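As structure tokens, the structure follows; a few thoughts come after it.
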Amino acid sequence: MPTNFEATSLRDLLCGSVNTELIGESVTVCGWVAKRREHGEHLAFLDVRDRSGIVQVVVDGSVDARSEYVVRVTGTVTHRPEGTVNDRLATGDIELTECTVEILATAEAPPFQLDDRIDIDEQVRLRHRFLDLRRDTMQRNLRLRAVVNRALRAAMDEQGFCEVETPLLWAPTPEGAREFVVPSRLHPGEFYVLPQSPQIAKQLLMVGGFDRYFQVARCLRDEDLRADRQFEFTQLDMEASFVTQDDIMGFVSRAVLDAAEAATGVRPGPIESMTWTRALDLYGTDKPDLRFGMVLCDLSEVFAATDVKAFSAPTVKAMRVPGGAELARSRLDQLVDLAKELGAQGLAWFRITNGGLDSPLARFLNETETRALTNVDGAQVGDLVLCVADEFVEACKVLGALRVTLGSKPVGEGPHHYVWVTEFPMFEGVDEDGHLLAAHHPFTMPHPDDLELLSSDPLKVRSQAYDLVLNGWELGSGSVRIHRADIQSRVFT
């Protein structure tokens, strides 16, 4: 009998560890009864489940062990009879026979089936959370989370970072999110807040000389719930001194790739990088999904002197939709309405056919404009070309949103394409009082090449801010902090 961490005083090993190498040996396992089947009065089959998997138990005679009873089973490991092997189970070619079953705890019939073959109402799952956590999906999710956290910690430790737990009770800070408030018993009328991030604490650590800090940090924000935003969440939090933006991106890339490899068994390739302007120009968003094409093409020069009013704008962006010529007119009208909801004046569409362009606008185009639309991104017969004319940012964002609507997949489907997006604008506009609005936050270091623009043309200043994006979703963001008083003063001014 192998000795390992699975063995305890009550069991020899986990259910999922029973295998053909143990044929003929007597073993003891513990777990829950996942399923019970009786063949007459003289034979019963139990599927016994624990965190590692399921093993089939064969009992001579009847056994009073119902669904979700907790049992301890001792039996002999045996090959399953020919024709009864279950390829869907890791233990599907063996079973335990000559078994004795000890009932450790009884259970009422569960309110829902504890497998993933049926959908269960979320409210029912949450009401019976202890049962929900027994399902394979929930077990995999939480164990995968542990694998990822372990890999992240190892990667940060190997890069010289010190893990520090920062306080959960903190003084209120004027950051962007609303904080949860905790009343003080010893000081009536005064309050602590729960941290929306460890920002100030980690900066204190840098000033204190720790040089490199990290933490798998718990953050809490009293904000409206969204699909990707909860009251509390966990993030890999870090800070480092005497580093550049490239250094930080290197630290995080190493940790993320290590975690991805630990989770999937395959290490992704190096993470590419693109500027915010390039991401917007090609994909219409600062969170580009690189799993599919449909890149945006710039036709501004082609339509610079156009007679078509619909294209009279500083920027004209176009996008090819492969096979999109098959879309019904009703679907095209829906896309036009969506473009208007997103802020566009309109949306021009062109079907690529054997006879040329099929569109209400086709007859107004000159030969050069027709040729340019026909060749967008290597368009072929059967494709669709969509066009938006507007200011650069607006045209890109509208077409980028349509790109996601028509081409995106669930974030976990297909290959994992990571990308760093860099050089975000320092400011995103002005408020109604004429004050500049910081795109990230007012403590972000400007790009060194743009320092002189702070006074002359601040809206053109790039920042040393960066996002890590995976398949169209932002995984994290960061920035180089301003550490010079003169630069911070200029930004505030």
Side-chain angles (χ1 to χ4, degrees), residues 140-141 143-161 212 214 216 228 233-240 243-297 319-322 377-378 396 399-401 403-404 406-424 440 447 462-480:
R140 284 197 304 270
N141 287 349
R143 296 188 187 283
L144 179 60
R145 182 187 181 96
V147 167
V148 169
N149 283 345
R150 185 164 59 246
L152 292 174
R153 282 189 165 97
M156 299 307 288
D157 182 68
E158 291 168 4
Q159 296 180 97
F161 284 79
R212 295 185 185 183
F214 88 97
V216 181
D228 61 346
F233 59 92
T234 305
Q235 68 183 25
L236 172 64
D237 194 74
M238 61 175 293
E239 192 81 15
V243 293
T244 66
Q245 173 178 292
D246 289 340
D247 293 324
I248 294 294
M249 291 164 56
F251 296 146
V252 176
S253 294
R254 160 77 185 278
V256 167
L257 295 179
D258 282 4
E261 183 177 11
T264 66
V266 178
R267 189 174 187 83
I271 301 178
E272 65 176 287
S273 176
M274 68 175 64
T275 65
W276 175 86
T277 301
R278 179 171 174 78
L280 203 64
D281 188 40
L282 291 181
Y283 303 101
T285 177
D286 56 12
K287 303 173 182 60
D289 189 340
L290 306 185
R291 289 174 296 175
F292 62 101
M294 294 172 59
V295 296
L296 279 55
C297 299
M319 176 181 71
R320 176 178 72 98
V321 182
D377 193 26
C396 291
L399 212 51
R403 175 181 181 269
V404 171
L406 293 168
S408 70
K409 309 172 184 177
V411 66
E413 184 178 317
H416 292 166
H417 281 294
Y418 298 88
V419 59
W420 284 105
V421 179
T422 65
E423 297 184 11
F424 281 75
H440 195 52
H447 193 287
R462 296 166 294 169
S463 69
Q464 295 188 60
Y466 36 86
D467 283 359
L468 180 60
V469 176
L470 169 63
N471 293 358
W473 287 79
E474 179 189 321
L475 287 188
S477 63
S479 65
V480 175

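Values reported hereafter were calculated over all heavy atoms of this structure, with side chains retained and with hydrogens, waters and symmetry mates removed. FYI, the numbering just counts along the sequence from 1. Every value quoted in this text rests on a predicted model; they were computed, and no experiment measured them.
- Inter-residue side-chain proximity for I248 and M238 is flagged as met; some heavy-atom pair is nearer than 4.5 Å.
- Between D289 and W473 the shortest side-chain heavy-atom distance does not fall below 4.5 Å.
- Counting only distance, with no hydrogens or angles, the side chain of D247 and the backbone of T244 share a donor-acceptor pair below 3.5 Å.
- Taking the side chain as every heavy atom from C-beta outward, H416 and L470 approach each other to under 4.5 Å.
- Aromatic pair F251/F214: ring centres not closer than 6.0 Å.
- Two residues are said to be in side-chain contact when any heavy atoms from C-beta on lie closer than 4.5 Å; F424 and D467 meet this criterion.
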Begin with the C-alpha distance, continue with both residues' side-chain angles, and end with the deciding distance and a verdict on side chain to side chain contact (heavy atoms under 4.5 Å, CB included) for N149 and V216. CA-CA 8 Å; N149 283 345; V216 181; 4.0 Å; yes
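- Taking each heavy atom of L406 and M319 in turn, the nearest pair found is CD1-CE, 4.5 Å.
- Between the R278 side chain and the S273 main chain, no donor and acceptor come within less than 3.5 Å of each other.
- With sequence neighbours excluded, the residues that form a side-chain contact (heavy atoms from CB on, under 4.5 Å) with E261 are R267.
- Between the CG atom in D246 and the OH atom in Y466 there is a gap of 10.0 Å [rounded to 0.5 Å].
- No donor-acceptor pair under 3.5 Å is formed between the side chain of R462 and the backbone N or O of H447.
- Residues L475 and Y418 form a side-chain contact, since some pair of their non-hydrogen atoms from C-beta on lies under 4.5 Å apart.
- Between atom CH2 of residue W276 and atom CG of residue D286 there is a gap of 8.0 Å, rounded to the nearest 0.5 Å.
- Considering all non-hydrogen atoms of both residues, A255 and A155 come closest at CA-CB, 3.6 Å.
- Remark: R143 engages no residue in a salt bridge (Lys or Arg N to Asp or Glu O under 4.0 Å) (not counting sequence neighbours).
- A donor-acceptor distance shorter than 3.5 angstrom exists from the side chain of N471 to the backbone of P415, with no hydrogens or angles considered.
- E474 is not listed as a side-chain neighbour of L468, based on a closest heavy-atom distance of 4.5 Å or more.
- You'll find the side chain of R403 stays beyond 4.5 Å of the side chain of S408, heavy atoms only.
- Take D237 and apply the salt bridge (Lys or Arg N to Asp or Glu O under 4.0 Å) test, not counting sequence neighbours, and it matches K202.
- With salt bridges taken as basic N to acidic carboxylate O contacts below 4.0 Å, none links D157 and R153.
- Side-chain contact between W420 and M274: absent, with no pair of heavy atoms (C-beta onward) separated by less than 4.5 Å.
- Scanning all heavy atoms of the two residues, the minimum distance from V147 to A263 falls at CG1-N, 4.2 Å.
- Across G478 and H440, no two heavy atoms sit closer than the pair O-NE2, 3.9 Å.
- Between G407 and M294, the closest heavy-atom pair is CA-SD, 4.2 Å.
- A donor and an acceptor atom, one from each side chain of R145 and T234, are located under 3.5 Å apart.
- Each of L399, L290, V421, V419 was scored for a side chain to side chain contact (heavy atoms under 4.5 Å, CB included) with Y283, with one residue passing: L290.
- Note that CE of M156 and CG of D258 are 11.0 Å apart. Values are rounded to the nearest 0.5 Å.
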